[in-house]
Amino acid sequence: MMPAARDSLLDAAFTALARRPWSAVRMVEVAAAAGVSRQTLYNEFGSKEGLARALVRREADTYLAGVERALATTGDARDRLTATADWTAWLARDNAVVRALLTGCWSERLPAPTLSAVPSSSAVPAQRRADGPLPAPGDFVAMVRDRAVTVLAASGAAQPDPAGLARCCELVLRLALSCVAAPPPGENGVAELVRGALDRQLKD
């Protein structure tokens with residue numbers, strides 16, 4: 001199957017999930033919405049559990065790709081980390097799967113695949129990857145922190161203090177996640193909170 005068709009199936013599954021609980025999402029409906037046969041859907045994902053793992057993996061990748069874009073913005077460490085926090089808080093509020101991935105709080109409406117790897121006999125490389133381990137909340141914190149340290153240090157946007165920079169990056173992500181649970185007031189609440197914390201950290 002072409003990658004575009006796989007994406008169409010995942011789009012259809014995501015749209016169906018927005019309308020009803022995952023337990024009520026039917027494979028035949030997902031296939032019809034994507035314009036393919038149910039057999040094609042099963043060939044690609046293997047099962048509904050396989051589709052769930054692929055959907056969760058895609059949303060995780062979407063989040064991490066946005067982190068890369070945020071860290072690549074122009075500006076100093078404050079600007080880039082603030083953009084990362086804004087993206088994290090915005091997507092987690094807008095995307096229930098990402099919110100569950102980042103917080104570990106899976107509602108009954110969502111698919112909740114085990115985060116450990118599952119046996120995979122799929123011939124589809126993308127599905128074999130989806131059948132591998134899925135990131136837990138702590139994994140995201142570590143991945144984003146380490147990626148931010150690498151990007152900021154390489155770009156010269158931050159002082160060469162790896163330990164201090166790592167603390168700042170982790171603080172920013174944890175503040176962003178706290179804003180998902182308890183959004184600060186105002187349109188720029190997340191940015192203001194993060195900038196205030198970074199001002200204190202970077203002056204120390």
Side-chain angles (χ1 to χ4, degrees), residues 1-18 20-31 33-34 36-71 84 87-88 91-92 94-151 166 169-170 173-174 176-177 180-181:
M1 179 183 288
M2 297 295 292
R6 184 179 176 90
D7 286 340
S8 294
L9 284 163
L10 291 171
D11 288 342
F14 189 84
T15 298
L17 179 61
R20 62 182 71 89
W22 183 250
S23 60
V25 173
R26 299 176 59 209
M27 295 286 272
V28 65
E29 293 172 351
V30 172
V36 302
S37 69
R38 185 173 60 173
Q39 186 59 51
T40 297
L41 174 57
Y42 278 101
N43 289 345
E44 185 70 19
F45 299 102
S47 64
K48 189 176 179 183
E49 172 70 11
L51 175 61
R53 293 187 69 84
L55 180 61
V56 170
R57 167 54 68 185
R58 186 183 73 162
E59 299 313 304
D61 290 344
T62 295
Y63 168 66
L64 293 172
V67 168
E68 291 285 349
R69 291 192 299 272
L71 291 172
T84 301
W87 166 251
T88 298
L91 188 64
D94 188 64
N95 186 316
V97 175
V98 170
R99 182 165 62 250
L101 279 165
L102 293 177
T103 64
C105 298
W106 295 85
S107 77
E108 293 181 357
R109 288 187 55 85
L110 298 175
T114 175
L115 297 180
S116 58
V118 298
S120 180
S121 59
S122 177
V124 180
Q127 190 59 35
R128 289 201 300 272
R129 180 168 179 263
D131 288 338
L134 297 169
D139 297 327
F140 280 107
V141 171
M143 284 188 288
V144 174
R145 177 199 63 209
D146 294 347
R147 186 58 185 156
V149 168
T150 298
V151 170
C169 294
E170 183 161 339
L173 186 58
R174 293 190 182 279
L177 293 177
V180 175

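All values below come from the heavy atoms of this structure, side chains included, with hydrogens, waters and symmetry mates left out.
- Proximity of F45 to L9: side-chain heavy atoms (C-beta onward) are separated by under 4.5 Å at one or more points.
- A donor-acceptor pair shorter than 3.5 Å can be found between the side chains of Y63 and T88.
- Residue P111 comes nearest to A52 through the heavy atom pair CB-CB, 3.7 Å, listed as atom of the first residue, atom of the second, then distance.
- Counting only heavy atoms from C-beta outward, the side chains of R129 and D61 approach each other to under 4.5 Å.
- The distance from the NZ atom of K48 to the CG atom of L41 is 11.0 Å, given to the nearest 0.5 Å.
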Problem set entry | Trace of the side chain to side chain contact (heavy atoms under 4.5 Å, CB included) decision for V67 with F140 | CA-CA 11 Å; V67 168; F140 280 107; over 6 Å; no
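- Evaluation of the side chain to side chain donor-acceptor pair (under 3.5 Å) rule for S116 yields T114 as partners, not counting sequence neighbours.
- Looking only at distances, no side-chain donor or acceptor of R38 sits under 3.5 Å from a matching main-chain atom of V30.
- Annotation: the span from E49 atom CD to D131 atom CG amounts to 8.5 Å, rounded to 0.5 Å.
- Side-chain contact check for V149 versus E170: every heavy-atom pair is 4.5 Å or farther apart.
- For A148 against L71, the heavy-atom pair with the smallest separation is CA-CD1, 3.7 Å.
- A donor-acceptor contact shorter than 3.5 Å links the side chain of R128 to the backbone of S122.
- Contact check for L17 versus L55: side-chain heavy atoms found under the 4.5 Å cut-off.
- In terms of modelled atom types and a separation under 3.5 Å, the side chain of R53 and the main chain of G132 share a donor-acceptor contact.
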For this session: In sequence, state the C-alpha distance, the side-chain angles, and the governing distance for D139 and M143, and then conclude on side chain to side chain contact (heavy atoms under 4.5 Å, CB included).
Result: CA-CA 6 Å; D139 297 327; M143 284 188 288; 4.3 Å; yes
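- Taking all atoms of both residues into account, the shortest heavy-atom contact from R6 to V124 is NH1-CG1, 3.9 Å.
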For this session: I would like to know whether T62 and V98 meet side chain to side chain contact (heavy atoms under 4.5 Å, CB included); could you show each step before the answer?
Result: CA-CA 9 Å; T62 295; V98 170; 5.8 Å; no
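- Expressed to the nearest 0.5 Å, how far CD of Q127 lies from OG of S47 amounts to 7.5 Å.
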For this session: Mind running side chain to side chain contact (heavy atoms under 4.5 Å, CB included) on V144 and T84 for me, showing each step along the way?
Result: CA-CA 9 Å; V144 174; T84 301; 4.1 Å; yes
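- Listed here is the closest heavy atom pair of V180 and R99: CG1-CD, 3.8 Å.
- Taking every heavy atom of both residues into account, L102 and A92 meet most closely at CD1-CB, 4.1 Å.
- With D7 contributing its side chain and A4 its backbone, the two residues share no donor-acceptor pair below 3.5 Å.
- Note that CG of L134 is 12.0 Å distant from CD of E59, once rounded to the nearest 0.5 Å.
- When all heavy atoms are compared, the tightest approach of P135 to A60 is CG-CB, 4.3 Å.
- Heavy-atom contacts from other residues, nucleotides or ligands closer than 6.0 Å to CZ of R20 number more than 12.
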